[in-house]
Structure formats: C-alpha cells, structure tokens
There are 4 protein chains.
Amino acid sequence: MTDHDFKIDELVDGEELTDKQKKIIISAIESFAEKGYSATSTSEIAKKAGVAEGTIFRHYKTKKDLLLAIVAPVMAKFVAPFIIKDLKKVLDQDYEHVEDFLKAMLENRREFLIKNLPTVKILVQEIPFHPELKELFKEHIGLRIYERLEKLVEHYQEKGQIIEIPAYSVFRMTFSAIFGYLIARYMILPEAEWMMRQRQSGQSSSSCMD
Amino acid sequence: MTDHDFKIDELVDGEELTDKQKKIIISAIESFAEKGYSATSTSEIAKKAGVAEGTIFRHYKTKKDLLLAIVAPVMAKFVAPFIIKDLKKVLDQDYEHVEDFLKAMLENRREFLIKNLPTVKILVQEIPFHPELKELFKEHIGLRIYERLEKLVEHYQEKGQIIEIPAYSVFRMTFSAIFGYLIARYMILPEAEWMMRQRQSGQSSSSCMD
Amino acid sequence: MTDHDFKIDELVDGEELTDKQKKIIISAIESFAEKGYSATSTSEIAKKAGVAEGTIFRHYKTKKDLLLAIVAPVMAKFVAPFIIKDLKKVLDQDYEHVEDFLKAMLENRREFLIKNLPTVKILVQEIPFHPELKELFKEHIGLRIYERLEKLVEHYQEKGQIIEIPAYSVFRMTFSAIFGYLIARYMILPEAEWMMRQRQSGQSSSSCMD
Amino acid sequence: MTDHDFKIDELVDGEELTDKQKKIIISAIESFAEKGYSATSTSEIAKKAGVAEGTIFRHYKTKKDLLLAIVAPVMAKFVAPFIIKDLKKVLDQDYEHVEDFLKAMLENRREFLIKNLPTVKILVQEIPFHPELKELFKEHIGLRIYERLEKLVEHYQEKGQIIEIPAYSVFRMTFSAIFGYLIARYMILPEAEWMMRQRQSGQSSSSCMD
DNA sequence: CATGAATGAGGTTTCATTCAT
DNA sequence: TATGAATGAAACCTCATTCAT
C-alpha cells in the first residue's frame, strides 16, 4: 500500500512543476510548518527559496492558493488507500477481526504521517481557520471515505465484533482515538523535547504503540 | 474537584480586572480562537471590545502579552488538580487500580476542557509557534507535573499494574492517548458538523466514551 | 448665489477635518488633477502632504474613498444653486427670456468652475472610469436637477420661447453646448499654452464669451 | 471626404501589421477606452489579444509606445481634411458663408468622431497626462492647422462675416463651441444612459443638432 | 486612565519589462 | 518571431505600537 502513496506522490507533486516552483513549495512548507501560515510572509518564502517575490505570485495567484497547493495533495494522498475498488471484499479476506483492520490502518497511516509530517502539520494547524480547507477536507474525507467506512462498520457489526450503536458514533470514537493519538504523539509531543531525558532519537520503531 | 478550578478561576481571572480589561480579554479570546493569534489584529479586538486601540496597550504592553494573559491562567488551572499536596496518598486511597485513576483523570480534565474550550483551543493552536508558551508549558506541566506522575507510575508499577518500561514511555503513551482523544473529540471533530447526520445536538452525555 | 457656494463650502470641506487630513486632500487634488487618479500613488500624496502613508488610510479606507471624498462635495456644490426652493417662480420673475436664464446660468457655473477648477477637472477626467462616480453623479445631477429643468423647459415652451421637442432633447443640446464649451474652454484649451502667442494671462474677464 | 479618411486609414493602420499586432491594437483600444491607460495592464491586453505578454513588447518597446501607436494615427486622420492643398481656394468656392463652412466642418468631424469614437476618447482622456501626446497634438493640430485656419478667419473677416478680433480668439471660441459640443454630446452624455427615458436608440439622425 | 491620530515598517499583490528557449 | 517564466520595484494597504490630549 505504501507504493500506492508513492505513485500518487509522483502524480500530484511531480506534475509539471518548474524548478523554482518546487523550491517555492519546499520553502513554504518549511516556513508554514514552523511559524504558521499567517505568521509567514511571502517575502520570507521567496528569500528562502532563492526567487523573486513576484515569482511566487506568477505561480500562485494568492498566498492562500499556495497553501492550498501544499495541502490539497496530502489530502488526496491521505484518502488514496481507502479508494481501492471493492474495499469491502479486500478487507474482508485480509482482516478477520476489526482489531486487525484497525492495527493495519493505524500502522499504514502512521507511516504516511511520518513521511509527510510537515505537510500534515500544516493541514492540522490551519484547517480551523480556513473554510476552504474545511470544504476540501469534507469533500475528500467526508464524502468519499465516510460512507465506505460506514459499510465497514456495519460489516463488522454483522459479524458481532462491534456493538450495535450508530455507525457515526463508532467512527467518531475510532477517529478520535487513532488520529488523536497520532497527532499527539507525532505532532505535539515532539515539540516538547525537554521530556526526552533518556532516549532522544525517534527510532523508526515499528511496534504499534510506543 | 470542580470547585477547585473555581477558586483558581477567581484568583487568576478576577484579580483586579477593570471592566474594560475584561471586555478586552473576552474579545481577544473570541477572535484568537476563531482566526488564530497572527490573523487577529489588535484593532479588531479593540473594536469588538468597544475600547480605543490604545487602551489595549495600556493594560498589555504588547499583543503577545495579551496572549499570555489569556493562556497562562488556563495552564495554571490545568495543573491545579495535580498540585494537591501529598498527591500519592490521596490517590492511593482513592484509586486502587490505574484504570480508575485514568478514568477519573479523563473525566475530570474533560470537564475542564469543555468549560474552557476556546482558551484551550488557543493554547493548543498557538503553542507550536511561541517559544514563550512552550517555556510556560514546560514549567507548568513539565517540571511540576511530570515528576509527580513519574512517582505515580512507579507506584502502580510496584503494584504490578503497569509493565516495567521507562516511566516517560508510559507517560508519553498515556498522554497521547488521553489528550489526543480529547483534542480530536472536542476540538477537531466539532468543526466537522457535516458528519453529524443523525443526532445533531451535543447532549451532555456523561459516559466516559461517546 | 456665490455666497451660497461659500456656505456649502464650509459645511462640506471644513467639517471636522484634522490638520493632516486637509493637507492630504490638498495634495491629492493637486496630484490627481496633474497626473490622473490611476497614475498617482498614495506614497506620492503622503510625501507631498508631509504625512506618513499610513495616515492616509486611517482617514480614507481606500484610495478610491479619497477620490470620492474629493469629488463628492464638488457635485453637491455644483447642484446647490438649482436646489433653491420654488425655483420656478424665482426664475420666472427674474428671467423673462430663456436667453437671460441661460446667460445667467453659464455665468454662474463658469464662476463655480473657475473657482473649483482642479476638482472639477478630476471629476470630469475620472467619471468615465468609476461606476461609483457615475452613480453619485446620477443621484446629484440626474435625479435632483433633471426634473426641475424639465419643468423649466416646459415653462419656456409654453411661453413659446423653446420649440416643441422633447424636454430631454432640449436638455441634451443645452447641456452639450454650455458644458461642452466650459470644459473645452477652461479645461482643455489651457493645456495648450502654445496657442497663446499674443496675450498669455487668463484675465478673469467677465464677458460671457471670450 | 469620407473616402479621404479611408485611404489614410489604410495607409496608417494597414501598413505592415501582423495578425497579432492587430489583435494587440484592438485589445488595447478597448481596454484603454474602458479603464484608462494607467489602469490598464499590459498583461490584461495580452490576455484579451490572445498573445503572450512578451509579444507586446516585441512590437512596442514600452507601454507608452503602444499608446502612441494607437493615438498618433487618429491625429493624422483628424487633420487630413485640412491638409488638402490650396485649402483657401477650395473652401472659398465651396462655402460662400462662414456658417456653411462651420456646418460642414461640424458635420464632417462628427462623422469622423463617431467612426473613431474609442480612439478619440483615449486621445481626449490621455492628452492632459502625457507631454508626448501634447507635443504630437501641437505638431499636428497646432503647427499644421492653426496657420491655415488663421488665414481662413482673415479671409472671412475680409468678407465682413467675422468681427475684427484677433484670429486666435475666433479660433478659441469656435474650437470650444464645436469640439466642446462634440465631446459632451458623444463622449460624456452617452455614459449617462439614465437620461434616456423616452427614446432609447441612437438613431443615426443626420440633423446638425440633435 | 482612556483616547484615537499618527507612525513607519512590513504585508500581499501588481506590473512593465527582460531574456532564455 | 513568439513565448512565458522570472524579475524587482513599486503599488495599495495593514498593523502593532506610541503619545499628546
């Protein structure tokens, strides 16, 4: 599934980007993640990217367009593994138990998150402030994924592995638990380096919970 | 424990605040929570508070001082319940099992979070961008709480209720799980109203997981 | 009637303008008249007025607001003499013949134009490019004056002094003739100093046609 | 005399203009007339013309060159009818009375103006702001026409049809009257569609004064 | 204490123009 | 010849902050 991400990576990022455009994107990601969208100035991005300020606006009509150009692909990539055709069957045969499914999902999305840490950080930080982002998120996650997961929940409920409560409650709880954990673990805690008194480095441990 | 919060409330918030000062704080909280610190202008806050632009700076030397004046108290209130003297004994007698302790803590901090939603939102949103905030957080949470919790972990480890891994690992996992959940459940999901297709209202359910 | 203009002058211009505001208006009039609205930069106006650029925007939210603040009063002043109550009677007794009325009007508005030359110039130059200006003009000139003049035309038609064609045709012809003349004479020709080979100066001659 | 205009049309406009050049000119005329020279951007012209931004500058070194390329021909065309050799004789035999001459001139130049409305509009709008334009105008109108008209005035003064005042005064008055009228009638009034309550359409009436 | 006019640095964006392709 | 990416100066405008009243 990882290679899935990869192909989409190429499709979305590599598509027809001039050299300077790439530099702009990279610089913007760095600065947005570090200081936040509002607190980052376009002149700063330009300087870091080694281009003239005007160049940014040739490629992205506004500063917000630049934000969207950064954040939209990570949404697309985020949903990719859920879009596999006939999801139900595939999962059915792969994962007898919900726990297996959840484990796999956690693992899979954790990898994704680590690989796209700064971009996801920007997305999570900025989503509350930009209606456009909310809309994008709704389209990608809401309308595309939610209904698939709903079926999935019902499937496992039929198998008696999930209690009989509304699917959206299951979803809400699961989402809060899994993504809450990922966000806290990889995006909030790492800022608090002071906590790491013993082992410093972020060993790419593969255990599910560390 | 709720009344505990309350006393501190008075101590910190009510202490010598002029009428205009209160209006400023309220307006600032509203705007910061809605648009973020950087994207909120002081003139906007002044207008919403019904005071002159200069008045803000009479009370808070800089815009960042205003942010700190808002965010510092919620940190203080957040740690309050952990500061009870002789925490060990108290907890020891109250909670035979870790699960009970965790349940109580989750419940207690959930109440706190709900009561201070906008302010906590601001704190969580802005902490990554302001070294001063990180420092404050470190002082409050890090140095005051962490060592207490460490002892607590060791206490439950001695009782055989927690496996023998470094205390900081236990802390990290627990923190990620509990606060990740709270953040996702109360600060991220509520933005996505679209998800609520069936039951709309946020019934103040008291079950631990909803 | 001249003193009429004057009182309005005070009312509109002098009303509550800070010292710097006046300087800004004066500088803006000068620059707009000389180079046109679009070709004049706010920084230029600020420099000429001896104020910071930000000061302009404290008083006029946008550059266009500044233009309107300059141009709106001259419209108001322009219509003033037509707003005298019971216009019909007054004119009736004053001017037996249309020619007398037209002469008086030409003379009167000529004085006005000369006294407000730069501002009127700006108005005439910019009106084609700004829908807001057109709207203002329509309100002031169109709806207020046109109907009064219509009655006037009918009045003189009854007296047999104007041929029986639609009032708006009379108005259009008269307006074109009188104001076309004034514009050409006082706003276009003076730019062509080369033509004045003999007598240079613009003596404030009072003959009706010179 | 109309066909006169035509030949010059070909001479000036058609001379060696590539397809793209024509499109650029047409787009520029449209935009300049609508928004003014300063408020029109070259990129806008390029887009409207369907050419690359750089293409404009391949043909016209600067934006102002483009303006001149548009405005210079209409000046040339404007003077054309006055340049007929032996003007004096021709006019002498054609028009016994000044009134006839003026009538013919008004009629003739009105046709010209209507046929070239957008370009003349640009010329009239921009002339006050561009010394180069004033210079061009002076060369064309001033030095070429003025002296011819001076003779004409003297001719009619000798015939006793014009009072004995300096020729330049006659010229000024006549110019103001005729061109003021044309400008007001065809370039200012048409912007005020609100005035046309009765007859909407601009019937190409041929009466001298409508 | 409170005000709000004033500031000037800095923000985003536009624009005429150049130049390698 | 035509293109359009790149430029950087300058445009309009915002903002946190100061200070005389």
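Look at CG on B/Leu17: it is 12 Å from P on E/dC1, rounded to the nearest Å. Protein atom CD1 of D/Ile56 is 12 Å distant from nucleotide atom C1' of F/dT3, rounded to whole Å. Distance CD1 (B/Ile24) to P (F/dA16): 14 Å, rounded to an integer number of Å. In this structure, the NZ atom of C/Lys47 is 16 Å from the C1' atom of E/dT7, given to the nearest Å. Rounding to whole angstrom units, OH of residue D/Tyr60 and C1' of F/dA2 are separated by 15 Å. Spacing between atom NZ of A/Lys20 and atom C1' of F/dG8 amounts to 13 Å, rounded to whole angstrom units. Distance CG (D/Asp19) to P (F/dT3): 11 Å, rounded to an integer number of Å. Spacing between atom CD of C/Gln21 and atom P of E/dA6 amounts to 8 Å, rounded to whole angstrom units.
The main-chain N or O of C/Ser38 is never found under 3.5 Å from a side-chain atom of D/Ser38 such that the two would form a donor-acceptor pair. In this structure, D/Thr55 contributes its side chain and D/Val51 its backbone to no donor-acceptor pair below 3.5 Å. In terms of modelled atom types and a separation under 3.5 Å, the side chain of C/Lys61 and the main chain of C/Leu66 share no donor-acceptor contact.
Distance check, rounded to the nearest 0.5 Å: CZ of D/Phe32 to NZ of D/Lys121 gives 15.0 Å.
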Pairing string, 5' to 3', for DNA chain F - Watson-Crick or wobble contacts under 3.5 Å, brackets [ ] where pairs cross, | to another strand: .||||||||||||||||||||
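Under the 4.5 Å side-chain criterion, counting only non-hydrogen atoms from C-beta, D/His59 is in contact with D/Thr18. Using a 4.5 Å cut-off on side-chain heavy atoms (C-beta onward), D/Leu67 and D/Ile122 make contact.
Within 6.0 Å of NZ in B/Lys64 there are more than 12 heavy atoms belonging to other residues, nucleotides or ligands.
Residues A/Lys23 and A/Ala49 come closest through the heavy atom pair CD-O, 3.4 Å.
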Footprint string (nucleotides 13-21 of chain E, 5' to 3'): B base within contact, S backbone only, - free, heavy atoms under 4.0 Å: BBSBBB---
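Taking only side-chain atoms of D/Thr55, from C-beta outward, the nucleotide of E/dT7, E/dT3, F/dT3 with the closest atom is F/dT3.
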side-chain hydrogen bond (donor to acceptor under 3.5 Å, both in side chains) between C/Ser43 and C/Glu53, intermediate numbers included: CA-CA 6 Å; C/Ser43 80; C/Glu53 204 170 349; 4.7 Å; no
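Taking only side-chain nitrogens and oxygens, B/His59 comes nearer than 4.0 Å to OP1 or OP2 of E/dA2.
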